[in-house]
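Read the structure below first, then the notes.
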Amino acid sequence: MVITAQQLADLLGGTIEGNPSVTVSRPGKIETGQEGEICFLGNIKYEEFAYTTSASILLVSNTFFPKKNIKPTLIRVENVYASLAFLLDKFGAQTQQEAIVSKMASIHPSVKLGQNVSIGDFTVIEEGAEIGDNVILSPQVFVGKNAKIGDNTLLHPGVKIYRDCEIGANCVFHAGVVIGSDGFGFAPQSDGIYKKITHTGNVVIEDDVELGSNTVVDRATIGSTIVRKGVKLDNLIQVAHNVEIGENTVIAALTGIGGSTKIGKNCRIGGQTGFAGHLRIGDNVQIQGQSGISNHQPDNAKLYGTPAFDYHSYLRAFSVFKKLPTLAKKVQELEKSIEKTEKTKKKKV
Amino acid sequence: MVITAQQLADLLGGTIEGNPSVTVSRPGKIETGQEGEICFLGNIKYEEFAYTTSASILLVSNTFFPKKNIKPTLIRVENVYASLAFLLDKFGAQTQQEAIVSKMASIHPSVKLGQNVSIGDFTVIEEGAEIGDNVILSPQVFVGKNAKIGDNTLLHPGVKIYRDCEIGANCVFHAGVVIGSDGFGFAPQSDGIYKKITHTGNVVIEDDVELGSNTVVDRATIGSTIVRKGVKLDNLIQVAHNVEIGENTVIAALTGIGGSTKIGKNCRIGGQTGFAGHLRIGDNVQIQGQSGISNHQPDNAKLYGTPAFDYHSYLRAFSVFKKLPTLAKKVQELEKSIEKTEKTKKKKV
Amino acid sequence: MVITAQQLADLLGGTIEGNPSVTVSRPGKIETGQEGEICFLGNIKYEEFAYTTSASILLVSNTFFPKKNIKPTLIRVENVYASLAFLLDKFGAQTQQEAIVSKMASIHPSVKLGQNVSIGDFTVIEEGAEIGDNVILSPQVFVGKNAKIGDNTLLHPGVKIYRDCEIGANCVFHAGVVIGSDGFGFAPQSDGIYKKITHTGNVVIEDDVELGSNTVVDRATIGSTIVRKGVKLDNLIQVAHNVEIGENTVIAALTGIGGSTKIGKNCRIGGQTGFAGHLRIGDNVQIQGQSGISNHQPDNAKLYGTPAFDYHSYLRAFSVFKKLPTLAKKVQELEKSIEKTEKTKKKKV
């Protein structure tokens with residue numbers, strides 16, 4: 001695809017600064033931008049490269065004002081990342097695959113297959129499962145008994161869906177995702193032995209959910225573990241039994257969520273965060289990575305620390321923490337100084 | 001299954017308060033309990049729902065005394081979770097599967113198969129492996145050369161057991177578990193290059209062990225990495241080479257255990273905990289999630305923090321940490337106040 | 001293999017103390033060393049066992065001076081771990097496998113296979129992929145379209161390589177590794193919905209890289225996510241889109257690296273460390289486990305804490321943190337003492 005700055009600006013609803021007839025054939029990174037590439041400046045940390053890049057077109061925000069001369073033609077847009085998403089979609093568009101059901105897959109005769117389904121080699125679909133239209137099951141996928149996969153959903157190689165779980169439409173699950181394994185529930189006996197608690201529930205994942213590689217969502221003890229519409233989970237995340245994650249919440253890698261915790265809508269949660277079980281987390285909550293959440297949290301909370309409290313308060317406390325040896329020394333000196341004063345007084349007396 | 005409160009109480013050795021002839025057909029969650037459901041109150045955080053639930057029967061502890069009127073028939077038991085485990089087992093009982101060895105599995109002719117073994121599609125069992133009675137190998141499982149799987153053990157889809165590893169009886173390994181990959185052992189050379197250390201050992205997992213999805217246990221450099229009888233590991237846990245985990249120890253998700261560390265019996269370890277290598281951790285140790293253990297620990301230690309120390313001491317120190325800016329300000333004020341006193345004195349002198 | 005102390009010393013360039021004609025047939029652990037075993041003392045924490053082991057030969061450092069009598073013949077070497085690596089390699093040497101391409105694998109006719117390639121059962125290699133000489137693809141591996149695997153590389157069971165990714169020579173990837181899944185990149189829309197950003201890039205892994213089980217490396221948004229020559233990653237590690245990891249850097253388990261962060265050469269990074277995105281980390285950086293890196297770091301930095309700062313400064317601050325309740329009490333007492341002085345003065349006045 002070769003396209004002019006003018007055509008791109010029209011597509012993106014952007015405005016041009018520079019030569020509107022310059023052409024590009026592919027996207028590139030601003031640090032290594034070459035002639036014929038369109039690059040983008042989304043994070044101001046990369047501003048220096050705007051002045052040195054050899055890219056032909058640079059996608060920038062309406063609010064970006066260069067401090068130096070810039071060579072590439074600029075296309076100004078309101079939301080750089082949204083425009084980038086749109087562009088990469090255009091450049092990255094895969095040629096449409098023909099839907100093929102592999103002869104080397106194992107599909108139980110009772111399975112209901114939608115229209116235009118692709119099923120890869122060595123994939124297994126067990127009795128009673130239902131697969132929606134346009135679904136792509138990559139090679140080596142497992143779909144257990146009576147599980148349901150919604151329309152247009154893509155399961156990458158090696159994804160495992162246990163029996164009775166329900167996956168919505170337009171979902172993308174990356175390689176190694178596991179849905180519906182038993183929760184970590186055991187009843188301690190008087191002799192120290194743990195008796196397994198049978199997990200009679202399932203997992204329900206709504207539409208438009210993306211799950212990163214090797215992420216795990218456990219089935220409920222009773223009822224359902226629920227991941228609501230539009231949730232995006234990164235790689236290697238643990239979602240325990242009976243958890244519920246609200247709409248459009250995004251969670252970064254290696255986070256763990258304890259059993260029965262409910263997280264609200266539109267939350268943004270940093271990587272390696274840990275949640276205790278049985279918590280209620282409000283909407284629009286923002287959590288710094290590596291925090292440990294051990295209490296209920298209201299809407300709009302901003303959190304940091306283990307155990308976590310207000311983000312800004314944590315930073316203030318931590319800035320004192322770094323200087324604790326100095327503080328301790330100062331207190332010691334004050335102590336001595338006062339002792340001296342006391343002694344002097346006593347002498348006087 | 002439809003069953004009366006009286007029948008349930010008899011099964012559980014419990015006592016009834018209310019109508020003994022009320023019937024239920026399934027378990028439910030206390031928050032959403034419906035007529036015909038038996039719910040349970042295991043965690044006092046959910047007490048409010050006991051007064052509002054529409055469940056027909058509520059399973060409660062002998063020590064629970066309601067503060068308000070309660071509609072459902074109560075069944076009182078000594079250990080709610082143990083009774084729940086028993087009940088879910090009854091309600092969740094799967095109809096016994098017929099044992100089938102898939103024609104789409106790859107089983108080396110030398111493999112010893114026990115009685116009544118199930119082997120799923122696209123599962124591989126290599127030369128010299130031994131599979132016990134009533135074992136279920138789900139689809140897409142891998143069992144390497146000379147590995148042994150004990151009686152009644154269930155490996156969920158995609159579990160990988162490397163060569164020479166030994167798995168006990170009555171174990172359950174969830175999807176994506178890896179047993180016996182090489183430990184992270186490399187000898188640094190003078191030029192900065194790391195030379196791989198061949199791992200000549202194996203992994204030994206004793207009876208009654210449950211491992212969560214995508215959990216990994218590495219093989220020993222020499223000898224065995226050992227997981228003792230009754231251990232329960234949650235999802236996404238890392239067990240390094242030559243680790244040993246004692247009987248009936250339970251560990252929550254995303255915990256990492258460094259090489260050659262030995263953990264005692266009956267420990268309870270929170271999620272995202274990290275252990276350095278070469279440690280000795282006693283029996284009955286309890287560790288709060290996200291702690292970092294960098295020293296040997298005696299029996300019965302309760303720990304928190306990175307690096308971890310006594311749990312209660314950590315909480316006390318942390319409560320001061322949160323108010324550090326105030327403390328620092330106070331010290332500054334004391335300093336000024338003393339300076340002033342000194343100056344006054346000097347003037348007087 | 002039965003071998004004398006003299007032969008071993010010759011192989012290792014070591015010197016003997018004791019009987020040069022004693023023989024061993026296998027390696028063992030110093031704690032449980034038996035007659036006929038060669039054990040090693042690599043970590044001084046295990047010194048006590050040197051005086052009690054029944055091993056026939058003990059491999060020790062030139063700088064080790066026993067405090068008591070030692071029974072085994074000693075072989076002294078400069079680098080115990082390097083010698084151990086060499087020895088285990090000899091003892092652990094697998095009998096060379098015949099290279100077999102399974103008839104139960106699915107290999108697209110366009111795939112280029114090198115000499116002496118092994119391909120396991122139920123492995124899938126898609127259109128246009130290139131497989132180098134002596135490569136071993138274990139069972140249930142997936143190699144996507146146009147992916148390249150370098151000479152002598154070993155992929156353990158269940159490894160998934162997405163399309164277009166490039167893997168170097170002499171690499172070892174353990175079970176469940178995922179290479180090339182989409183990065184966690186979404187453009188937030190005004191209504192709170194996240195739009196997926198198409199990832200047009202790939203992953204490039206250079207020669208001599210070892211990746212632990214279930215570790216994930218995401219593909220770049222644009223360009224490549226790069227893991228340089230000689231890097232060793234432990235199990236369950238998350239490498240986000242557009243990350244670059246420098247030569248011979250080693251990273252322990254459960255670490256997460258945020259998008260576009262560049263880590264230098266020869267770094268040593270502890271387990272469960274978290275890196276924010278868009279960071280520049282220098283060469284030879286050492287990071288204590290569970291640290292959270294939120295800023296650029298110069299060469300040779302030693303770090304600890306969340307957010308991380310200088311390692312020794314952290315330890316000093318933390319030693320005061322543990323005694324914060326005492327410090328707070330002391331400040332309170334000083335306050336009272338000064339108040340009293342002030343009152344006395346006032347009275348005097």
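This one's a predicted model, so the numbers in the text were calculated from it and none came from an experiment. Quick note on labels: first sequence line is chain A, next is B, and so on, each numbered from 1.
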With salt bridge (Lys or Arg N to Asp or Glu O under 4.0 Å) as the criterion, how do B/Glu37 and B/Arg26 come out once you've worked through the C-alpha distance, each side chain's angles and the decisive distance to 0.1 Å?
CA-CA 5 Å; B/Glu37 289 183 356; B/Arg26 61 184 179 282; 3.1 Å; yes

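For a residue to count as touching a neighbouring chain, one of its non-hydrogen atoms must lie under 4.5 Å from one of that chain's; by this rule A/Val141 touches chain B with the backbone only. Of the two parts of B/Leu233, only the backbone, made up of N, CA, C and O, holds a non-hydrogen atom closer than 4.5 Å to a non-hydrogen atom of chain A. A/Thr255 touches chain B through its backbone: at least one of N, CA, C or O sits under 4.5 Å from a heavy atom, while the side chain does not. Heavy atoms closer than 4.5 Å to chain A are found in the backbone of B/Ile251, but not in its side chain. Using a 4.5 Å cut-off between heavy atoms, B/Asn43 touches chain A through its side chain atoms alone. Proximity to chain B is absent for every atom of A/Ser313, based on heavy atoms less than 4.5 angstrom apart. Contact annotation for B/Asp234: both backbone and side-chain heavy atoms come within less than 4.5 Å of a heavy atom of chain A. Both the backbone and the side chain of B/Phe321 come within less than 4.5 Å of a heavy atom in chain A. Interface remark: A/Tyr162 contributes side-chain atoms only to the contact with chain B (heavy atom separation under 4.5 Å).
The candidate from A/Lys160, A/Gln189, A/Glu126 with the greatest count of non-hydrogen atom pairs under 4.5 Å with chain B is A/Lys160. The candidate with the highest count of non-hydrogen atom pairs below 4.5 Å against chain B, out of A/His278, A/Lys195, A/Gln272, is A/His278. When each of A/Leu236, A/Thr200, A/Asp182 is checked for heavy-atom pairs under 4.5 Å with chain B, A/Asp182 comes out on top.
Scored by the ring-ring contact (aromatic ring centres under 6.0 Å, His included) test, A/Tyr311 finds A/Tyr304 as partners (sequence neighbours excluded). In this structure B/Phe49 satisfies the ring-ring contact (aromatic ring centres under 6.0 Å, His included) test with no other residue, sequence neighbours excluded. Partners of A/Lys262 according to the salt bridge (charged side-chain N to carboxylate O under 4.0 Å, His left out) rule, which considers only residues two or more places apart in sequence or in another chain, are A/Glu244.
A/Phe309 carries B/Lys322 over the face of its six-membered ring, with the cationic atom under 6.0 Å from the centre and within 45° of the normal.
With hydrogens and angles left out, the side-chain atoms of A/Asn242 and A/Ser260 include no donor and acceptor closer than 3.5 Å.
Close approach to chain A, defined as a heavy atom under 4.5 Å from one of its heavy atoms, is seen in B/Leu324, B/Pro325, B/Leu327, B/Ala328, B/Val331 of residues 323-331 of chain B, taken by number.
Proximity of the aromatic rings of B/Phe40 and B/Tyr46 is defined here by a centroid distance below 6.0 angstrom, and this criterion is not met.
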